[in-house]
Amino acid sequence: MFFHILTLFPDMVMEGLSTSILGRAMEKGLIHIEAVNIRDYADNKHLRVDDYTYGGGAGMLMRAQPVYGAYEAVVEKIGYRPRVVYLTPQGEVFRQSKARELAEEEHLILLCGHYEGIDERVLEEIVTDYVSIGDYVLTGGELPAMVLVDAISRMVPGVLGNGDSGEIESFSDGLLEYPQYSRPEEWHGKHVPEVLLSGHPANIEKWRREQSILRTAARRPDLLEHAGLTPEEWECAGRVLARTDQPPEEWEKS
Ligand code: ADE
């Protein structure tokens, strides 16, 4: 899979994405990441990429021309018009389902804005998907683009390298992941749950599913609705949900 990141800060994204699992995936040729410097496509002598906004107001805007130039350079290289994701707090909130969907693409352009954003006219012409990574405002689209590259790359076969697809972790079945334990069996007086030492796969699976449900009910009850729970599982979740309606114990004491 090929990621083309259109940015004013190519070093930032390449440095951030070249280590650890993604770095190895790049070395193996499973994913390809290039940062396209938008400034290289500015058509004026001073390579200016920003300008004042019509109508007044604080801040500068990224000009349409260099953004379009960078986009056209990618299109020319790969020979077709791929999906273009613009990272913006105005977009749909990024979820695992979107990562899965975008992982099906052969090439993906990620467009990073700066300043007060980008001239609307070029967005209208090239952007296919508007994506936000959450309801807060960052200084630019680079960190969000890196978040997308990471989440999407995990879905590419071979990237995780342990034979697992990225699909058996939190969110793949719409639930948060169950708690996990490693050696030693006892740490700070806390013991690994007995069932995990039992060597009984069916019981372990049952326990993990139950823990996922309980944890999701406690931490992200909004996810339960689309998690496809059976009536018994709803009952299990319901015990936690009922409890979280109560005020915390400390309040009652004071
Ligand atoms: N650019 C600035 N803030 C952002 C956010 N929350 N998500 C995506 N892109 C952004």
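Counting convention: from 1, in listed order, for ligands and their atoms alike. Everything numeric in this text was worked out from a predicted model, so none of it was measured.
Counting side-chain heavy-atom gaps under 4.5 Å among Ile, Leu, Val, Met, Phe, Trp and Tyr, the cluster of I204 also holds Y181, V192, V195, L196, L197, W207.
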Please tabulate, one line per pair, the protein nitrogen or oxygen atoms found under 3.5 angstrom from a nitrogen or oxygen of ligand 1, with distances to 0.1 Å, or say none if there are no such pairs.
from	atom 1	to	atom 2	distance (Å)
ligand 1	3 (N)	L138	N	3.0
ligand 1	6 (N)	G134	O	3.1
ligand 1	6 (N)	Y136	O	2.8
ligand 1	7 (N)	I133	N	3.0
ligand 1	9 (N)	T88	N	3.1

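At distances below 3.5 Å, at least one donor-acceptor pair connects side-chain atoms of R39 with backbone N or O atoms of L47. Side-chain atoms of S132 do not come within 3.5 Å of backbone N or O of Q90 as any donor-acceptor pair.
Listed here is the closest heavy atom pair of G16 and M146: CA-CE, 3.4 Å.
Side-chain contact between R209 and L229 is present, with at least one heavy-atom pair separated by less than 4.5 Å.
Between H4 and F2, the ring planes lie parallel to each other; the angle is under 30°, not in the 30° to 60° tilted range.
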